[in-house]
Novice: 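Structure in structure tokens, see below.
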Amino acid sequence: MLTEEQERHLQRTLKAAQSAPGPGLEARAMAAMGQAKPGRPSRRLLVASAVGVLALLGFGVARLPMGTASGIIDEMLATAAETSAVHMTGCGVGAEVVVEEWISEDGFSREEWREDDQLLWLDLRSGDFTVHYRLNPDNGEVTARENFIPLREVSVLDESYRQRRMTSSLWPLGGPLDNGRLDLVSESSEMNERGEVVDLVEVEWTPGGRTMMYTYQDGDYIRELVYEEGEPVLIRVEVDPSSGLPLRLEHYTETEAGWQNTYAACYEWNMEIPEELRTFTPPRGTVVECHHWWESRIDQVIAEAATTDWLVTLHSVEVNRHGDIWLSLSRAETADSRMGDAYNSAPPIRVEAVGSGGESYSQLGRYSCYNMGGEGWGVGYWTTTLEAADPDRRPRSVTLTVVPYPEGVSKADSVTFRNVRLPARQDVDDPIAAEVELIEY
Amino acid sequence: MAAEADQARSLSDVDSEMDLVQALRQGDGRSHAQLWHRFGAPLHGFASSRLGGDRGLADDIVVQTLAAAVQGIGRFNSRKSTLSAWVYGIARRHIQGELRRQRRRKSVPPSAQVPLEEVSEAASEGDTATDVAARLDAQREVAGLARVLTDVEMEVLNLHYAHEFSEKEIAQIVGRSARAVHSILHRAKQKARERLVRDAD
């Protein structure tokens, strides 16, 4: 950190570097101020301010229940949920970040964040893989990672999940609003700046808590658009009257200088996803971490057992140099499952193990899990580690008791895999980490 | 240092600020002169430093800002910010607009592009030769700093040291959270320190 002397020097220098206004400037400024009349905002600000006042006074304001909308907004969301693809380009005004997103009904999605045309952030989901790319422009550090995701069947099957994805770029209008209140301000038919006749809907959103519209933080590098609790955000949506789909969405917040545009997004619907967007080639020199653990294990079955509620599959068993066991397991609800919607979460799967010679193991708290929400929540893939109490003992096999859901009606609903053969020890501490491949582009 | 600016601001400052706001709201012509005397020079320095020393553009920004402040004074809310932070916020939006226009033409931050010959032409009429020389030295050093800091780091550093705003006020001006400003300022100071140490060597 700066010493006091360095701080003083910096302050002196920065102050000394400030230019002074020339002699003609005062007269110009006085003339400009004389011509400016207090309280006369520009036409656009006047419209927005009037809308704000209307909303506050409640004249002609239709109150919407939290999480829903009415009229054009309702129809727009329903129509958007049934589309096959959306391409959104959003921009945080003054925040210098451009966000671009493509989503299609087949499970594909791609989100990019750029600043000054430089790609800072990429999240791509295409087929069985996700790719994450992050650049910290301050120091040039790049992290890139490719994951195999064993959940393809879930995203295809889950209709409610698909519909939520298709409207997610319309947040906070689309998707569940668990934060605040929406008030319809006005609905009208108008001509937009491009000369198109559109349905213009204005909604006031009052955040119920501090809300990040987006946040990108990489180390100390931060870009964010934050809405504060209780401070209204005016949302204007242009809807294409022929398709019922949104063309443009804008956010305004009331600042000291009046209503200011903070975010704007444009939409294209039901378009083809260009093939080149389904893959990502990082910049030359980027090292990508490839985590393909499940790719070679998802179709491998060592043992399978079912309870009334769950089908449990043991996909792989690995042993590290210390005799610790690494298990890859999956769980799926059976057709006769009694679980229903009551347990829509993905707790850690519980495993107890005893070696063939009576060796004991303790399950480590750390585990990794792939699990989808919504209707697909019942499918999950886990890796978990059993630590050997005595690394010197070398049992030939192990008996595993798996509790697929540790709480609730299935507490006693466990499956047992007896005498599972243990493979030879690998000369590594962490078999999953050892399998990560580094590819340099 | 500037972090204590909030506390250091005296009650009479706050009173005079509110008097000025009241006078502006009432359309009192004398308040324009007060606004100019209070903000004209510092805004010029702020705009000029953000716009690579371009005095002509800085003049325009000052004029636009003060006119917008007079026009928008009805929306100033003293519970949300100080008058200074509000006026600087207006200036910053005008500066950002100008920078966006410049970025379309340039790829290097304007602050790092100023040829020093131009800086020498930018001396004010009342300046003595010593004033000009001191300013040139300072601007040369700031230009060096601008090469290692990002635009936003330079802006926050400038607001903190040259204009003595607190982190909270800077957050109001630049439209970021106080946490983000704290982080940016921390990073800017680190880079400035590295630069100072390197120059000293």
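It should be emphasised that the depicted structure is a prediction, and the values quoted were computed from it without experimental measurement. Heavy-atom basis, side chains included; hydrogens, waters and symmetry copies ignored. Chain identifiers are assigned alphabetically (A, B, ...) following the order of the sequence lines, protein sequences preceding nucleic acid strands; residue numbering begins at 1 within each chain.
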Novice: What is the ring orientation for A:His251 with A:Tyr263, classed by angle as parallel under 30°, tilted 30 to 60°, or perpendicular over 60°?
Specialist: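 Answer is tilted, since the angle falls between 30° and 60°.
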Novice: Test your reading of the model: is there a side-chain donor-acceptor pair from A:Arg248 to the backbone of A:Val237, 3.5 Å cut-off?
Specialist: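 It does not hold such a pair.
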Novice: For B:Glu153, which atoms come within 4.5 Å of any heavy atom of chain A: side chain, backbone, both, or neither?
Specialist: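 Only the side chain of B:Glu153 comes within 4.5 Å of chain A.
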Novice: Quick one: does any side-chain atom of A:Gln11 pair with a main-chain N or O of B:Tyr161 as donor and acceptor, under 3.5 Å?
Specialist: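 Between the backbone of B:Tyr161 and the side chain of A:Gln11 there is a qualifying donor-acceptor contact (under 3.5 Å).
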Novice: Which atoms of B:Ala33 come close to chain A, meaning under 4.5 Å heavy atom to heavy atom: side chain ones, backbone ones, both, or neither?
Specialist: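 Looking at B:Ala33, backbone and side chain both touch chain A.
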Novice: What part of B:Leu35 gets within 4.5 angstrom of chain A, counting heavy atoms only: side chain, backbone, both, or neither?
Specialist: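 Contact with chain A is through the side chain of B:Leu35 alone.
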Novice: If you count heavy-atom pairs under 4.5 Å between each of A:Lys15, A:Arg12, A:Glu26 and chain B, which one has the most?
Specialist: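 Ranked by heavy-atom pairs under 4.5 Å with chain B, first place is A:Glu26.
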Novice: Taking atom types as modelled, is there a side-chain donor on B:Glu17 or B:Thr82 under 3.5 Å from an acceptor on the other?
Specialist: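 Looking only at side-chain atoms, B:Thr82 and B:Glu17 do not form any donor-acceptor pair under 3.5 Å.
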Novice: In terms of heavy-atom pairs under 4.5 Å, which option from B:Val87, B:Leu66, B:Leu145 contacts chain A the most?
Specialist: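 If we count pairs closer than 4.5 Å to chain A, B:Leu66 comes out on top.
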Novice: Return the set of residues passing side chain to side chain donor-acceptor pair (under 3.5 Å) with B:His44 (not counting sequence neighbours), or none when no residue passes.
Specialist: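 Listed in chain order: A:Ser19, B:Asp59.
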